[in-house]
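Here the structure comes first, spelled out in structure tokens, and everything after it is commentary.
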Amino acid sequence: MAAPVDLELKKAFGELQAKMIDTQQKVKLADLQIEQLSRMKKHANLTHAEITSLPDTTRMFEGAGRMFILQSKDEITNQLLDKQKTADEKIKELEQKKTYLERSVKDAEDNIREMLMSRRAQ
């Protein structure tokens, strides 16, 4: 009777290990994306701060591939603010995804602990 129980526990541990590895990779990826978005947001914020100190008549160019396009100060300011807002939203989504992944791993660990405790009680 011990053999079926051992196989069941072994299978459960194997599944948990695979889930843990997969989740850890996803969490690392989310951390990298959050870090990248934070840098992009900081860059846009610093650029916006520099642009606001310039007079409205200043000619400004936006880089587009290997060329530059003449833009008004308002257009560039709006683009920078949009970049910051989208970065904030994506960071929030990634944080939620990360907490969900961590919670799902914790739930799987708790389920295996319960299974072990029930087996020991029998």
Self-check item: Carboxylate-amine/guanidinium contact Asp22 Lys26, below 4.0 Å
Solution: yes
Quiz prompt | Atom pair CD1/OG1 of Ile51 and Thr77 - distance to nearest 0.5 Å | solution = 5.5 Å
Practice problem: State the CG-OG1 distance between Leu54 and Thr52, to the nearest 0.5 angstrom. | Solution: 8.0 Å
Quiz item: Is the shortest distance from a Lys or Arg side-chain nitrogen in Glu35 or Arg39 to a carboxylate oxygen in the other one below 4.0 Å?
Solution: yes
Quiz item: To the nearest 0.5 Å, how far apart are OG in Ser38 and CD in Gln33?
Solution: 11.5 Å
Quiz item: How about Glu75 and Met60: do any of their side-chain heavy atoms sit closer than 4.5 Å?
Solution: no
Throw together a table of side-chain donor-acceptor distances under 3.5 angstrom for residues 98-106, partners on residues two or more places apart or in other chains.
| residue | atom | partner | partner atom | Å |
| --- | --- | --- | --- | --- |
| Lys98 | NZ | Asp31 | OD1 | 2.6 |
| Thr99 | OG1 | Glu95 | O | 3.3 |
| Thr99 | OG1 | Gln96 | O | 2.8 |
| Ser104 | OG | Leu101 | O | 2.8 |

Practice problem: Report yes if some heavy atom in the side chain of Lys73 is under 4.5 Å from a heavy atom in the side chain of Thr58; otherwise report no. | Solution: no
Quiz item: Do Leu37 and Leu94 have side chains that get closer than 4.5 Å, going by heavy atoms?
Solution: yes
Quiz item: Can you tell me how far CD1 of Ile76 sits from OG1 of Thr47, rounded to the nearest 0.5 angstrom?
Solution: 10.0 Å
Self-check item: Worked verdict on Lys83 versus His43 for side-chain contact (heavy atoms from CB on, under 4.5 Å)
Solution: CA-CA 10 Å; Lys83 270 187 182 179; His43 182 266; 5.7 Å; no
Practice problem: Compare all side-chain heavy atoms of Gln79 with those of Asp82 and state whether any distance is below 4.5 angstrom. | Solution: no
Quiz item: Do the non-hydrogen side-chain atoms of Glu50 and Leu46 ever get within less than 4.5 Å of each other?
Solution: no
Self-check item: Within 6.0 Å of CZ in Phe61, more than 12 heavy atoms from elsewhere
Solution: yes
Self-check item: From Glu109 atom CD to Leu16 atom CG, the distance as rounded to the nearest 0.5 Å
Solution: 6.0 Å
